[in-house]
Amino acid sequence: MTSQFSKKSEAWSARFSEPVSDLVKRYTASVFFDKRMAAFDIQGSLAHAEMLATQNIITAQDHADIQRGMAQIHAEIEAGKFEWLLDLEDVHLNIEKRLTELVGDAGKRLHTGRSRNDQVATDIRLYVRASIDTIVGLLGDFRSALLDLAEQHSDTIMPGFTHMQVAQPITFGHHILAYVEMFSRDTERMLDCRKRVNRLPLGAAALAGTTFPIDRERVARTLGFDDVCHNSLDAVSDRDFAIEFCAAGALIMTHISRMSEELVIWMSPRVGFIDIADRFCTGSSIMPQKKNPDVPELARGKTGRVNGHLIALLTLMKGQPLAYNKDNQEDKEPLFDTVDTLVDTLRIFADMAGGITVKPEAMRAAALQGYATATDLADYLVKKGLPFRDAHEAVALAVRTCVDKACDLSDMSLADLQQFSPLVGADVFEVLTLEGSVAARDHIGGTAPRQVKLAIARARQQLTN
Ligand code: ARG
């Protein structure tokens, strides 16, 4: 018992007179999830060791030993041969213990001028930074795939909806571009968050700084951080960057979820606007005819867990006094799961965008039902001199008549239409066509195919910047 105890808590055992129970050990340990930060832990330790050596806090020999030991540990982890021990609590102590086994006293000197508190804060920042870079890359792939889809359908007409009622004709390309806007903002948000992630906590030590003559700027440069954290208490306790990251992630998933909802509706046989390639769908175990849009449905569902992680982190922080508290260990699993969910979802969606088949005839048929060009008729009358409110009224009456007759505005004769306003002329039928309607919305941000093509070109330009 005693020997096992002293093995476990080498880092802090001398102070204690009895071992923790197995349950407490399991409860307080993080190694089985934080080991995924191992590569960042090693990277941070190497930068710290290099600084200690240049500041003559450790010898060049110690530095060389640490480098050699860390290289071996890295290889062992990569090869799946590293033995992670619950007894050693977390990724930091596991690696440090192995280093000491491999290189002796140099391993024990690595922790000079450092604490696990600034060490873990550094590891998480390195992890979140790398994750942001991956996610920004995937958002780029996804936007690019959406732009290809939008381009193929820059003049495919579909009904645009408000309140889920047919509102006005739009182009499918324009609709897809709305999502490109969302995912572009998401990219900006991630890159903005990255600025605040990219600061170095190391040097704060446990909370108050260290008595050793450290060079924090040097470590920051080595690790590619833009700056150091400017207050040691804040450095070890700040998790704002993790919250911001999850908030940006929750918004990405919210956009994915909105799009998923549309994909599900569009693929429903009742609507039949699109088909999604078989590799993203599954069948039913009982109903042989079914082809279900599982990927969009699951993505819509997974949005809940990412939103949950954001709330978990906000709640984690709200009651914490300065500086570090063990509560902070709970920051990792929500972060990891947010990253995993985002990475998998974006990867699949980038691929799935290329697997969407559009059915223009179904979209067109739907746009022809629901008087989608009613606003065009009102605008036409306004251009002939009628005040907009009067035009609105005249067209409302015309629509009512069409509803009774079960026909479209464009099915009425000129004489019929003139009953609602004498200003109607033979040229009215141009504005009542779907093509005329979309082509007329020809300004920046409008649905005209010409504008859609320009918007695609602008978005592609942004992607290459
Ligand atoms: N596993 C800990 C965490 O994730 C590392 C820091 C522990 N520091 C401490 N003083 N107990 O936050």
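For ligands, and for the atoms within them, numbers begin at 1 and follow the listed sequence. Each residue takes its place number in the sequence, starting with 1. No hydrogens, no waters, no symmetry mates; every other heavy atom, side chains included, goes into these values.
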Exercise for review: Taking the six-membered ring for Trp and the full ring for Phe, Tyr or His, determine whether the centres of Y127 and F336 are under 6.0 Å apart.
Suggested key: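 Centroid distance Y127-F336: below 6.0 Å, so yes.
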
Exercise for review: Please indicate whether R258 has more than 12 foreign heavy atoms, meaning atoms of other residues, nucleotides or ligands, lying under 6.0 Å from its CZ.
Suggested key: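 It does not: R258 CZ has 12 such atoms or fewer within range.
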
Review point. Should we say atom CD of Q289 is surrounded by more than 12 heavy atoms from elsewhere, each under 6.0 Å from it?
Key: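 Count over threshold, so yes.
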
Point to revise | Option with minimal heavy-atom separation from atom 11 (N) of ligand 1, where the choices are R116, E330, Q119 | key: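 The option holding the nearest heavy atom is R116.
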
Check your understanding: Does a side chain donor of either T171 or H174 reach within less than 3.5 Å of an acceptor in the other side chain?
Key ->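 Distance-only check fails for T171 and H174.
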
Exercise for review: Identify the protein heavy atom lying closest to atom 8 (N) of ligand 1, giving its residue, its atom name and the separation to 0.1 Å.
Suggested key: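 Result: N117 OD1, 2.9 Å.
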
Practice item. Could you check atom 7 (C) of ligand 1 against the protein and tell me its nearest heavy-atom contact, residue, atom and distance included? Key: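 Ranking protein heavy atoms by distance from atom 7 (C) of ligand 1, first comes Y324 OH, 3.5 Å.
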
With a cut-off of 4.0 Å, which atoms of ligand 1 are near a heavy atom of [X]?
| X | result |
| --- | --- |
| Q329 | 1 (N), 2 (C), 3 (C), 4 (O), 12 (O) |
| D90 | 1 (N), 2 (C), 5 (C) |
| S30 | 1 (N) |

Point to revise | Criterion side chain to side chain contact (heavy atoms under 4.5 Å, CB included) against F245, the qualifying member of I135, V197, L313 | key: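 Running side chain to side chain contact (heavy atoms under 4.5 Å, CB included) over I135, V197, L313 with F245 returns exactly one hit, I135.
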
Review point. Do E89 and ligand 1 have an N or O pair less than 3.5 Å apart?
Key: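 By distance alone, the answer is no.
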
Practice item. Under 4.0 Å, heavy atoms only, figure out whether ligand 1 is touched by the backbone of K332, its side chain, both or neither. Key: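 Under 4.0 Å from ligand 1, K332 contributes side-chain atoms alone.
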
Point to revise | Of K97, K25, R116, the residue whose pairing with E89 passes side-chain hydrogen bond (donor to acceptor under 3.5 Å, both in side chains) | key: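 Only one of K97, K25, R116 forms a side-chain hydrogen bond (donor to acceptor under 3.5 Å, both in side chains) with E89, namely R116.
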
